[in-house]
Amino acid sequence: MSFRGSVKQVMVMVVAVTCTLTLAQDANLQAIECPFPEGQDVLSEEECGKYSACEWTDGVCHMVDNALGGYIVQGPQEVTSRGFLVHLQKADDSVTMFGDDVTNLVFEVIHHEDYHLQIKIYDADNARYEVPVPVYVPDSPDTDALYTVEVSGDGEPFQFSVNRESNNNIVLSSLGPLTYEDQFLQLHTHLASTYLYGFGENTHLSFRHKFEPRATFPIFARDRAVDTEPASEYGHHPYYMVMEDDEGNSHSVLLYNSNAMEYSTFLLPDGTPALTLRTIGGIIDLHIFLGPQPEDLIEEYTNMVGSTLFPPYWYLGFQLSRWGYKSTDYVRGVRERMKSYGIPQDIQTFDIDYTDNKRDFTLDPINFGDMPELIQELHDDNIRVTLLVDPALVIDFENYPPVARGKEADVFIKWSDPSLVPDDQEPGTDEYMVGYVWPANKTIFPDFLKPETQDWWINEMKIFHELLDWDTIWIDMNEPANFGTNLDHPWNWPPDQPDWSLKCPENKWDSPPYPTMVARTTDNESKRLSEHTLCMSASQTDGTMTYMHYDVHSLYGWSEAVATYKAMVEVFPERRPMVLTRSTFPGSGQYAVHWLGDNSAEWIQMKNSIIGLLEFNMFGVPMVGADICGFLNEPDMEMCARWMELGSFYPFSRNHNTDGTADQDPAMWPEVAEISRYTLSLRYQYLPYLYTLFHMAHMHGSSVARPLLNVFPTDLEARDVDDQFMWGDGLMIAPVVTQGATSRSVYFPQGLWYDLVTGVQVASGPTTLTVDAPLEVIPLYVPGGTILPYQVPSISTTESRENPLGLTVALAEDMTAWGRLFWDDGETPTMSMMTAYMASFSYDQGELTMSVMHGEDIVAGLFIDTVSIYGYPSDPESITVNDEPLTAEDWNYDASSSVLNITTHTPLAGPLDVIIL
């Protein structure tokens, strides 16, 4: 049968497809793995027999048939205001993995935009935890849909599928039984292809996920140094994209759930790719986006979770940092090194060194006593200042005003039940959960979901800014991190003190029946979810609802970013707020930017940072980068030189390393200094283009929103590329990430490609070429058809923004090119399109024009002084600029490179019409 919703004329199809789906299920049953809490290393027939939902067949432990282990459709479909719902009932309550199965479920289809479908599966009888982070959906659904939904009929085993309406491509097609227990939810689906991207934040060594052999990866916010084994890291992003076919049709899916989870990729016996999603709480809440192209998915996803924040212009400059600045004079010495080599820099970042005994909102009076004077010196040198703040506060209520004020406002995370408070709880800590991090005292943790906590945090930031005139804040350790949980003592516990650590009780929250892969990674000493963090039996509240930390753990970084962003708005009402955060969740990009955490000085980690860039662009956090030259260990000169080349083109560009290691700022080696000065000058030269891209990414609701970063996923040959990337559609970066290499293979997609620096045409794609790349060279290319605005670079963005501009015009085969430029004062918080400047550039058959849309006043005093045209066929006979003929001295044509350079002095505020004959 079929069903067509009458509400808003939104179309959906509900079809009784039990026969075909069940047959396919049966044929592939043995591929649907039955998971063991201890991991699959314990596989045996005896272990399999512990679970009635599992079956042993020919050495394989797999889920039982859907008709036995899944759910049965109960009754007809019910039309709702935005779609329809179906009631489901557990087929057999005795068939279970870990018990506490939900007997009655609702499968609900909710329509949003024509490209956006939501599917919720929830308990029909009892409310369960749902993610409290807001999303943006339309008030009413669109009238058409790019998809159809098929559901099995009344009395049949439950299966569903979502298909692309235009060609019936698979989007989701459920496979095997749905498992829905109190603390174990599991859903399997066919995939349209093996071109699967996304999921984070965890370690995987290729941008495109692998399916053979079967692989499993965890997702759960965790303080864990970046490594190479599959493990969860700092953020929680259960969002993926699938390329469906050779035409580039693509879709993406968000499992909107914040509980600990894992996913597995595998192949069915017939070679069909499949995916398993597992989570241990909440509900199944799927947001599905239909593209159809990969770049459309970025816009569609950020439309829902919130657009990326728009950084101030100076935040695009190079940042220098380390943990291990021993004093203010130490920092002065580093600054003088940088200046002596003329290396561009805009931000000086301070790690925890500046604080008094690692306490937030304090200043070391001995080594950093003249910090206010140092900040003023940096400001006078056009350098902004970022300070680190951790979430955990020491429990010195008598002598530490921030924690005393916090206790008065009751802002800290508590145990969920007074009976859980340890007998040895410190006096004055009441029911707060007490841990240990960096300070030489035990700590407690703010509950940033709570409105009172946000108010307290804002006030502390205001007081802190009165102490030190910083410009931005960096929030770290916000997974949240806690040292030594469940162990004898933290690794940094004072040796003269009796052993102690935060110990988590044995209960359903701290010892769930299936703790996920998070508890099975080799670095998890306690083999529990609470490793290196708080107990899951903590309690948090948003003032309306009370939550178990078990449910909202992965929201901690997001909630602190929201509070810190609000504080920045209060502290800097006339500036664009900027927050750097380590832990993220869907929607974090509205409030903060991100770096990829504690990496190491290893070549493989340099390469893998590109994967992180591309994935966080997918996640709506495109202002992202890795610690250049590595945080842990020490790089040699070659590695740091190559990493500075790559890092010069990270959107978030910062060199940062840990305490106890040698300095690695780019001025430490003469060779690295010269290379860094050159590559960072190239970055600063093209910051007008990068800034325009950020404006476009920020304008999520408009047609100009596109990915900030690109790896050409619509191009078939590029689907496995993960060691090169692009700024938007106009600048390709192909770094060398292999030790000792002086060349590298570069994939060039369709069209003409030019060397960015020389203008020489190097390729006509699609093709793969080996290009020379000696140590001092990073291969950079611009595609034909692109116009890149640039500006003469200087030592800082403050100075650069006063310099003349130019245009790099790279011609396509049909002698056309196009580009745009956005410009404003660089930091106004509320952007007015009537005062900001926007212009578009077009080249067609020998004529270059600039159309100014608005904002002429803001660019008064700025001029376009040079135009370089790549791929021009011959020396012109004449050139006019705005009807004024140029003299022969005003242009130069290089026949060997086919580059035409034109000198002009045209106001950016006025018209530009260049005619070349």
Side-chain angles (χ1 to χ4, degrees), residues 28-64 69 95-99 175-177 179 181 183-188 196 199-206 209-222 224-233 238 259-269 273-281 485-487 504 506 508 510-533 536 604:
N28 296 301
L29 192 60
Q30 292 187 39
I32 305 175
E33 184 179 72
C34 200
F36 302 136
E38 304 82 5
Q40 301 313 104
D41 291 344
V42 302
L43 174 67
S44 68
E45 186 171 4
E46 179 182 5
E47 192 70 23
C48 187
K50 294 179 181 179
Y51 308 98
S52 56
C54 301
E55 183 177 341
W56 181 263
T57 305
D58 298 330
V60 175
C61 186
H62 57 87
M63 303 300 294
V64 300
V95 177
T96 186
M97 283 296 301
F98 307 105
L175 174 70
T179 305
E181 301 171 3
Q183 291 184 273
F184 184 76
L185 288 70
Q186 181 173 252
L187 177 69
H188 320 275
L196 171 70
F199 285 121
E201 184 176 7
N202 55 46
T203 306
H204 42 266
L205 303 183
S206 62
H209 279 277
K210 307 301 183 184
F211 286 81
E212 197 172 21
R214 179 192 301 268
T216 301
F217 299 89
I219 298 178
F220 190 63
R222 184 148 180 257
R224 181 190 189 277
V226 178
D227 203 347
T228 55
E229 73 167 44
S232 57
E233 294 171 4
N259 290 87
M261 64 175 65
E262 65 189 26
Y263 62 95
S264 297
T265 55
F266 59 101
L267 295 177
L268 300 176
L275 175 69
T276 292
L277 301 173
R278 299 188 187 106
T279 183
I280 59 173
T485 311
N486 302 314
L487 304 180
C504 301
E506 293 290 338
K508 63 179 292 188
D510 286 291
S511 301
Y514 189 82
T516 76
M517 188 180 174
V518 170
R520 301 195 299 269
T521 54
T522 56
D523 68 313
N524 189 320
E525 295 183 69
S526 65
K527 303 304 177 186
R528 303 183 73 182
L529 278 180
S530 49
E531 171 79 8
H532 221 65
T533 190
M536 299 297 107
I604 183 63

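All figures in this text were calculated on a predicted structure; none of them were measured in a lab. The analysis underlying the following values was restricted to heavy atoms, covering all of them including side chains, and did not include hydrogens, waters or symmetry mates.
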Task: Stepwise side-chain contact (heavy atoms from CB on, under 4.5 Å) check, Tyr514 with Gln183 - done: CA-CA 8 Å; Tyr514 189 82; Gln183 291 184 273; over 6 Å; no
TODO: In sequence, state the C-alpha distance, the side-chain angles, and the governing distance for Gln186 and Thr276, and then conclude on side-chain contact (heavy atoms from CB on, under 4.5 Å).
DONE: CA-CA 7 Å; Gln186 181 173 252; Thr276 292; 4.0 Å; yes
Open item on the list: Pair Glu47, Lys50 - check salt bridge (charged side-chain N to carboxylate O under 4.0 Å, His left out), show working.
Closed with: CA-CA 6 Å; Glu47 192 70 23; Lys50 294 179 181 179; 3.1 Å; yes
Task: Under-2.5 Å SG separation for cysteines Cys61, Cys48 - done: yes
Task: Atom pair CD (Glu33) and CZ (Phe266), whose distance is rounded to the nearest 0.5 Å - done: 8.0 Å
- [ ] Heavy atoms only: give me the nearest Cys504-Asn486 pair and the separation to one decimal.
- [x] N-OD1, 2.9 Å
- [ ] Indicate whether the side chain of Thr533 and that of Arg222 have a donor and an acceptor atom separated by less than 3.5 Å.
- [x] no
Open item on the list: One pair to check against side chain to side chain donor-acceptor pair (under 3.5 Å): Glu506 and Ser511. What are the steps and the verdict?
Closed with: CA-CA 6 Å; Glu506 293 290 338; Ser511 301; 2.6 Å; yes
TODO: Any chance you could measure Thr485, atom OG1, to Asn524, atom CG, to the nearest 0.5 Å?
DONE: 10.0 Å
TODO: Give the minimum heavy-atom separation between Arg278 and Ser264, together with the two atoms involved.
DONE: NH1-OG, 3.6 Å
Task: CZ-CG distance between Phe36 and Asp41, expressed to the nearest 0.5 angstrom - done: 11.0 Å
Task: Heavy atoms from other residues, nucleotides or ligands near CD of Glu212 exceed 12 (cutoff 6.0 Å) - done: no
Task: Beyond-backbone contact of Pro230 with Met517, side-chain heavy atoms, under 4.5 angstrom - done: yes
- [ ] Apply the test side chain to side chain donor-acceptor pair (under 3.5 Å) to residues Thr521 and Glu229: give CA-CA distance (whole Å), side-chain angles for both, the deciding distance (0.1 Å), then the verdict.
- [x] CA-CA 8 Å; Thr521 54; Glu229 73 167 44; 4.8 Å; no
TODO: Indicate yes or no for a side-chain donor-acceptor contact from Glu55 to the backbone of Val64 under 3.5 Å, with no hydrogens or angles considered.
DONE: no
Open item on the list: On a heavy-atom basis, which atom in Asn202 and which in Ser232 lie closest, and how many Å separate them?
Closed with: CB-CA, 4.0 Å
Task: Rounded distance (nearest 0.5 Å) linking atom CD1 of Ile32 with atom CG of Leu268 - done: 7.5 Å
Open item on the list: side-chain contact (heavy atoms from CB on, under 4.5 Å), that's the test. Do His62 and Cys34 meet it? Break it down for me.
Closed with: CA-CA 5 Å; His62 57 87; Cys34 200; 5.5 Å; no
Task: Non-hydrogen atoms of Arg214 and Ala31 that approach each other most closely - done: NH2-O, 2.7 Å
TODO: On the 0 to 90° scale, with breaks at 30° and 60°, tag the Phe199-Tyr263 ring pair as parallel, tilted or perpendicular.
DONE: parallel
- [ ] To the nearest 0.5 Å, tell me how far Glu531 CD sits from Ser526 OG.
- [x] 4.0 Å
TODO: Check whether any side-chain heavy atom of Thr57 lies under 4.5 Å from a side-chain heavy atom of Leu29, and answer yes or no.
DONE: no
Task: Arg224 side chain near Asp523 side chain, heavy-atom distance below 4.5 Å - done: yes
Open item on the list: For a 4.5 angstrom cut-off between non-hydrogen side-chain atoms, does Pro37 reach Pro513?
Closed with: no
Open item on the list: Any non-hydrogen side-chain atom of Arg520 less than 4.5 Å from a side-chain atom of Pro218?
Closed with: no
Open item on the list: Let me confirm one number: the CG-CG distance from Leu185 to Asn259, rounded to the nearest 0.5 Å.
Closed with: 8.5 Å
- [ ] Answer with yes or no whether the side chains of Thr203 and Glu233 bring together a donor and an acceptor at under 3.5 Å.
- [x] yes
- [ ] Find out whether Glu525 and His532 are in side-chain contact, i.e. whether some heavy atom of one side chain is under 4.5 Å from a heavy atom of the other.
- [x] no
Open item on the list: Donor-acceptor check, side chain of Glu181 to backbone of Phe98, threshold 3.5 angstrom: yes or no?
Closed with: yes
Task: Which atom of Ser206 lies closest to which atom of Lys210, heavy atoms considered - done: OG-CE, 3.4 Å
Open item on the list: Ignoring hydrogens, what is the shortest heavy-atom contact between Met261 and Pro238? Give both atom names and the distance.
Closed with: SD-CB, 3.4 Å
Task: Min side-chain heavy-atom separation Thr179-Met63 under 4.5 Å - done: yes
Open item on the list: Before you tell me yes or no, could you show the steps for Ile280 and Leu529 under side-chain contact (heavy atoms from CB on, under 4.5 Å), namely the whole-Å CA-CA distance, both residues' side-chain angles and the distance that decides it to 0.1 Å?
Closed with: CA-CA 11 Å; Ile280 59 173; Leu529 278 180; 3.8 Å; yes
Open item on the list: Using side-chain heavy atoms (C-beta onward) and a distance below 4.5 Å, is Pro273 in contact with Leu267?
Closed with: yes
